[in-house]
Amino acid sequence: MRTTLLRLLVSCPDRPGIISAVSGFLFEAGANIVRSDQYSTDPEGGSFFLRMEFALDPGKRDGLAERFGLAIAERFDMTWRLWDAAQRKRVAILVSREDHCLQDLLWRWRRGDLDAEIVLVASNHADLREDVEAYGIPYHHVPVERDHKPEAEDKLLELLRGNCDLVVLARYMQILSGVFLDQLAVPVINIHHSFLPAFAGAEPYARAKERGVKLIGATAHYVTEELDAGPIVEQDVIRVSHRDDIAALARLGADIERTVLARAVSWHCADRVLRHGNTTVVF
């Protein structure tokens, strides 16, 4: 019988014996640890983070999570989760009119480079329907009218809640309310240019050109109620010069945005990201 690969993610107050307890438990359960990453913010009173991958006979999985919770997690005051690596995370994408991040994710998904299942795309515009449906993915047009945004969020919740494990904002140019995020109850990843806050708002590349910037970049982060202030997952930059006009800056910025977002989504789907307050640990 083939073994299955499971992922265990743990965060807890640091103290001696955590690795010994976890590895001993898995040994007794018949598991074979194939990868282990750990990090402590401070060995004396800090926070401890652990990501383990282990192989286990499917016949030995019954009750594993419950036993781990009682024997180990409660003992060390752990926040933890267990995920079957064979179960691809269900991803929903929200987009407006700019398609570079969306197209990149769809392309990676079709090639099998994104270990996830894209279950739907929703947009406040109808522009990208044909492109998305060409991949065989459902496309939902949910207009957002200025005085009826709560109704639009309710429609999005009907589409998303219970049907996805992650929502990706691939240049979705709408601010999601705290009520929406609470009711959605799954992580949301957003992408934006790294000019924030200096170049927040419209036409950031035009204002960046005016200031003669030498670096442009992008930031992927988890979404919280506070705008663009959630825990950062990934960032990258590229050097530019006075020779680059506004169009060149926008083109280079789009390249950075799509690669940064793809890495963040891929890392999340591989359970490589652990949140710690307003920061992240990425293994």
Is it true that, when you exclude Phe27 itself, more than 12 heavy atoms of the residues, nucleotides or ligands shown sit nearer than 6.0 Å to its CZ?
no
Is any side-chain heavy atom of Ser11 closer than 4.5 Å to a side-chain heavy atom of Met78?
no
Criterion side-chain contact (heavy atoms from CB on, under 4.5 Å) on Arg239 and Lys214, from CA distance to verdict
CA-CA 6 Å; Arg239 184 165 292 278; Lys214 301 299 183 277; 4.0 Å; yes
Would you please say whether a donor-acceptor pair under 3.5 Å links the side chains of Tyr205 and His193?
no
Give the minimum heavy-atom separation between Gly59 and Asp57, together with the two atoms involved.
N-OD1, 2.8 Å
Identify whether Val240 and Ile246 are in the same connected component of the hydrophobic contact network (ILVMFWY, side-chain heavy atoms under 4.5 Å).
yes
Contact check, side chains of Thr219 and Ile191, non-hydrogen atoms, under 4.5 Å
no
Begin from the C-alpha positions of Asp115 and Lys89 and carry the test salt bridge (charged side-chain N to carboxylate O under 4.0 Å, His left out) through to its verdict.
CA-CA 8 Å; Asp115 189 19; Lys89 287 186 171 57; over 6 Å; no
Counting only heavy atoms not in Lys149 (residues, nucleotides, ligands), do more than 12 fall under 6.0 Å from its NZ?
yes
Which heavy atom of Val223 sits nearest a heavy atom of Asn190, and at what distance?
CG2-CB, 3.5 Å
Which atom names give the shortest non-hydrogen contact between His192 and Arg171, and what distance separates them?
CA-NH1, 4.1 Å
How long is the gap from CZ on Phe76 to CD1 on Ile18, to the nearest 0.5 Å?
6.0 Å
So do Met52 and Val34 actually touch side chain to side chain, heavy atoms under 4.5 Å?
no
Can you check whether Pro231's main-chain N or O pairs, donor with acceptor, with Thr280's side chain at less than 3.5 Å?
no
Are a donor atom and an acceptor atom from the side chains of Ser177 and Glu153 found within less than 3.5 Å of each other?
yes
As an exercise, state the distance from CG of Leu156 to CG of Leu184, rounded to the nearest 0.5 Å.
9.0 Å
Verdict with supporting geometry, Glu53 and Arg35, salt bridge (charged side-chain N to carboxylate O under 4.0 Å, His left out)
CA-CA 5 Å; Glu53 293 184 351; Arg35 181 168 181 170; 5.5 Å; no
Looking at NE2 of His140 and CG of Leu94, how far apart are the two atoms once the value is rounded to the nearest 0.5 Å?
11.0 Å
Please determine whether residues Ile118 and Val168 belong to a single hydrophobic cluster, defined as Ile, Leu, Val, Met, Phe, Trp and Tyr linked transitively by side-chain heavy-atom distances below 4.5 Å.
yes
With side-chain contact (heavy atoms from CB on, under 4.5 Å) as the test, would you mind laying out the steps for Leu56 and Leu64 before giving the verdict?
CA-CA 10 Å; Leu56 184 66; Leu64 180 73; 3.8 Å; yes
Taking the ring of Phe68 and the ring of Trp80, is the distance between their centroids below 6.0 Å?
yes
Can you check whether Val167 reaches Leu160 side chain to side chain, under 4.5 Å on heavy atoms?
yes
Please report the closest heavy-atom contact between His141 and His125, naming both atoms and the distance.
CD2-C, 3.5 Å
Are Val265 and Leu114 side-chain neighbours, meaning at least one heavy-atom pair lies under 4.5 Å?
yes
Test your reading of the model: is there a side-chain donor-acceptor pair from Arg90 to the backbone of Gly162, 3.5 Å cut-off?
yes
Kindly check if the number of other-residue, nucleotide or ligand heavy atoms within 6.0 Å of CD (Glu225) is above 12?
no
Does atom CD1 of Ile175 have more than 12 heavy-atom neighbours from other groups under 6.0 Å away?
no
Do Val95 and Leu106 belong together in a cluster built from hydrophobic side chains that touch within less than 4.5 Å?
yes
For Cys164 and Val91, what are the C-alpha separation, side-chain angles and deciding distance, and is it a side-chain contact (heavy atoms from CB on, under 4.5 Å)?
CA-CA 5 Å; Cys164 60; Val91 174; over 6 Å; no
Expected output: side-chain Arg258 to main-chain Cys101 donor-acceptor under 3.5 Å
no
Asp131 side, atom CG; Tyr139 side, atom OH - distance, nearest 0.5 Å:
9.0 Å
Asp84 and Arg61: CA distance, side-chain angles, deciding distance, salt bridge (charged side-chain N to carboxylate O under 4.0 Å, His left out) verdict
CA-CA 11 Å; Asp84 186 340; Arg61 284 190 56 182; 2.9 Å; yes
Please check if the side chain of Ser266 supplies one atom and the backbone of Ala262 the other of a donor-acceptor pair under 3.5 Å.
no
Donor-acceptor pair, side chain of Asp244 and main chain of Ser241, under 3.5 angstrom:
yes
Any donor-acceptor N/O pair, Asn163 side chain to Val119 backbone, under 3.5 Å
no
Approximate separation, where rounding is to 0.5 Å, of Leu82 CG and Leu8 CG
6.0 Å
How about Asp14 and Ser40: does a side-chain donor come under 3.5 Å of a side-chain acceptor?
yes
Between the side chain of Ser96 and the main-chain N/O of Met173, is any donor-acceptor distance below 3.5 Å?
yes
Asp165 and Trp83, any side-chain heavy atoms less than 4.5 Å apart:
yes
Under 3.5 Å, is there a donor-acceptor pair between the His100 and Glu257 side chains?
yes
Mutual orientation of the aromatic rings belonging to Tyr39 and Phe49 [parallel < 30°, tilted 30-60°, perpendicular > 60°]:
parallel
Could you pull out the closest heavy-atom pair between Ser47 and His276, with the gap in Å?
OG-CE1, 3.4 Å
Closer than 3.5 angstrom, by distance alone: can the side chain of Arg67 be matched with the main-chain N or O of Asp62 as a donor-acceptor pair?
yes
Non-hydrogen side-chain atoms of Leu26 and Val22 separated by less than 4.5 Å
yes
Arg15 to Phe48 six-membered ring, cation-pi geometry met (6.0 Å, 45°)
no
Hydrophobic clusters here meaning ILVMFWY residues chained together by side-chain heavy-atom distances under 4.5 Å, can you tell me if Leu166 and Leu102 are in one?
yes
Check against salt bridge (charged side-chain N to carboxylate O under 4.0 Å, His left out), Lys209 and Asp245:
CA-CA 7 Å; Lys209 176 65 176 176; Asp245 59 16; over 6 Å; no
Answer yes when Asp104 and Arg108 have at least one side-chain N-carboxylate O distance shorter than 4.0 Å, and no when they do not.
yes
Within a strict 4.5 Å, meaning less than it, do heavy atoms of the Val273 and Val281 side chains meet?
no
Taking every non-hydrogen atom, the tightest pair across Val188 and Leu181
CG2-CD2, 4.0 Å
Same cluster or not: Leu159 versus Phe180, using hydrophobic residues (I, L, V, M, F, W, Y) connected whenever any side-chain heavy atoms lie under 4.5 Å apart?
yes
Could you walk me through whether Asn32 and Thr3 pass side-chain contact (heavy atoms from CB on, under 4.5 Å), step by step?
CA-CA 10 Å; Asn32 180 27; Thr3 59; over 6 Å; no
With rounding to the nearest 0.5 angstrom, report the CZ to CZ distance, Phe25 to Phe54.
8.0 Å
